[in-house]
Amino acid sequence: MKQLISFIKKEFYHIFRDPRTMLILFGIPVAQLLIFGTVIKSEITDIHIAIYDQAKDKTSQEITHKLLSSGYFILDKNLENMDDIDAIFKKGKVREVIVFKTDFGKNLVKEGTAEMQLIADASDPNTAKLAIGYTSAIVNDYIKKLYPEMKMPMQITPEVRMYFNEEMQSAYMFVPGVMAMILMLISAMMTSISITREKELGTMEILLVSPLKPAQIIVGKVIPYLLLSIANAFVIVLMGRFVFGVPITGSFILLMLETILFIMMALCLGILISTVAKNQMVAMFISMIGLLLPTMLLSGFIFPVKNMPIPLQVLSHAMPAKYFITIIRGIMLKGVGLFYIWKETAVLIGMTLFFIVLSVKKFKIRLE
């Protein structure tokens with residue numbers, strides 16, 4: 001019995017003296033709890049909206065003021081005609097357009113009913129539902145407070161339209177997000193493990209004394225995963241189109257070029273991880289914990305970035321998947337061209353170059 005107690009004490013000692021084990025036992029659960037607790041919220045704020053007010057009367061202006069003072073909405077632009085709606089949605093910032101019909105206030109007083117149109121960007125169905133729900137609730141609250149004593153209160157009937165996703169299919173949101181997550185994990189994790197395995201088995205030194213240059217060794221390791229990841233992306237896009245019915249309204253060539261750019265960025269990130277990791281387990285740990293959770297939580301894949309606290313919003317800008325998901329949704333659902341997604345494309349190119357430069361420096365240091 002004494003021997004068993006001594007053995008248990010020894011195990012505790014080994015656990016407590018190893019910082020990595022303590023990090024896994026206590027650090028990661030605390031970090032996950034904090035991240036999940038702050039990211040997962042059922043409410044949203046600061047939804048960017050546009051308003052097309054054909055009536056421009058007292059009632060429409062009061063409703064507009066009530067919407068903007070609620071804390072849920074930010075007015076991005078006052079539209080001049082219906083043709084501006086498609087263009088402003090393609091830019092990706094505005095999530096809802098509110099249209100007040102002509103003689104809105106007069107019809108409400110004379111006929112007891114008035115019509116308004118609520119048009120939401122349903123490429124993100126969750127945000128679209130919340131935006132429509134908030135708007136309808138605020139408008140109904142306005143009518144109740146305006147005529148509190150009426151048994152049959154006046155009604156404002158909203159005509160709801162979901163842009164880019166009329167049937168509110170959740171697959172329209174999940175297919176681009178899953179595509180980004182799979183490509184990030186496969187490209188980065190498999191590349192980092194492959195190169196780290198060579199170092200762990202001692203075969204990297206053999207490769208380095210071979211006629212191949214270090215750059216050729218890295219390229220030789222990366223090319224197979226590049227081609228396999230492209231094939232993976234092709235399969236995901238086709239499955240999304242023919243199995244889940246997700247449309248490809250934009251250029252398929254542009255879609256694949258952007259996908260190849262994202263894969264190359266992930267491969268370069270995998271090379272960088274391999275220069276830091278000492279063995280395959282460390283490389284897998286960094287790839288899974290450092291890439292999987294941030295890609296799921298901080299990229300806007302499931303939860304809107306605007307929902308998050310300011311520090312996490314800032315951190316989300318360092319997530320490559322955030323930009324790729326915006327690109328994929330823009331091309332597949334909105335049919336946009338490079339003119340609308342050039343900023344996200346430029347960020348991915350910049351990240352790719354940054355990871356390449358950093359990987360080369362780290363690799364040279366390890367060789368020395």
Side-chain angles (χ1 to χ4, degrees), residues 27-28 31-41 44-46 48 92-93 95 123-124 126-127 172-192 229 232-233 236 255 258-274 276-277 283-333 340-359:
I28 291 177
Q32 288 180 341
L33 181 61
L34 290 173
I35 292 173
F36 275 95
T38 53
V39 168
I40 301 176
K41 294 182 179 179
I44 53 176
T45 57
D46 298 338
H48 284 261
K93 190 175 182 181
R95 311 305 300 179
S123 58
D124 184 347
N126 292 337
T127 303
Y172 285 35
M173 179 181 71
F174 281 104
V175 169
V178 170
M179 182 176 176
M181 188 171 64
I182 290 174
L183 293 179
M184 173 64 81
L185 282 178
I186 289 178
S187 303
M189 184 171 67
M190 295 309 297
T191 305
S192 63
S229 297
N232 242 323
I236 293 170
L255 175 65
E258 294 285 354
T259 301
I260 292 171
L261 172 61
F262 180 73
I263 291 171
M264 291 178 63
M265 182 282 307
L267 291 172
C268 294
L269 180 57
I271 296 171
L272 179 60
I273 293 172
S274 71
V276 177
M284 184 177 294
F285 177 80
I286 294 174
S287 300
M288 292 295 291
I289 302 299
L291 297 179
L292 178 61
L293 283 178
T295 299
M296 286 182 62
L297 299 178
L298 302 179
S299 63
F301 165 29
I302 301 176
F303 310 105
V305 175
K306 287 285 185 181
N307 245 17
M308 305 173 191
I310 297 299
L312 290 182
Q313 289 189 33
V314 174
L315 183 60
S316 71
H317 291 296
M319 299 293 112
K322 173 181 181 290
Y323 305 99
F324 182 63
I325 290 173
T326 301
I327 291 171
I328 293 300
R329 285 177 177 170
I331 296 174
M332 293 183 70
L333 304 181
Y340 290 96
I341 55 173
W342 69 269
K343 291 181 181 178
E344 289 79 8
T345 303
V347 171
L348 287 182
I349 293 173
M351 286 184 171
T352 304
L353 296 176
F354 174 75
F355 291 143
I356 289 174
V357 172
L358 202 57
S359 300

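The basis for the numbers below is simple: all heavy atoms, side chains too, and nothing from hydrogens, waters or symmetry mates. In this chain, numbering begins with 1 at the start of the sequence shown. None of the values given here were measured: they were computed from a predicted structure.
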Closest contact, heavy atoms only, [X] versus [Y]:
X: L183; Y: A266; result: O-CB, 4.2 Å
X: M351; Y: H317; result: CE-O, 3.8 Å
X: I325; Y: P176; result: CG1-O, 4.2 Å
X: R329; Y: G300; result: NH1-O, 3.6 Å

Worksheet entry | Set of residues satisfying ring-ring contact (aromatic ring centres under 6.0 Å, His included) with respect to F262, sequence neighbours excluded |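 F262: ring-ring contact (aromatic ring centres under 6.0 Å, His included) contacts with F324.
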
Practice prompt. List in chain and number order the residues that pass ring-ring contact (aromatic ring centres under 6.0 Å, His included) with F174, two or more places apart in sequence or in another chain; answer none if no residue qualifies.
Written response: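 Expected list: F301.
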
[X] side, atom [atom1]; [Y] side, atom [atom2] - distance, nearest 0.5 Å:
X: I328; Y: M179; atom1: CD1; atom2: CE; value: 4.5 Å
X: L267; Y: I186; atom1: CG; atom2: CD1; value: 11.0 Å
X: T345; Y: L261; atom1: OG1; atom2: CG; value: 7.0 Å
X: S316; Y: K322; atom1: OG; atom2: NZ; value: 5.0 Å
X: D124; Y: L333; atom1: CG; atom2: CG; value: 10.5 Å
X: S187; Y: I182; atom1: OG; atom2: CD1; value: 11.0 Å

Worksheet item: Are I271 and T191 close enough that some pair of their side-chain heavy atoms sits under 4.5 Å apart?
Response: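 Answer yes - side chains close enough.
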
Worksheet item: Any side-chain heavy atom of M184 sitting closer than 4.5 Å to one from M265?
Response: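 In contact.
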
Discussion item. Are more than 12 heavy atoms, taken from residues, nucleotides or ligands other than M264, located less than 6.0 Å from that residue's CE atom?
Written reply: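 Not buried by this count: 12 neighbours or fewer within 6.0 Å.
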
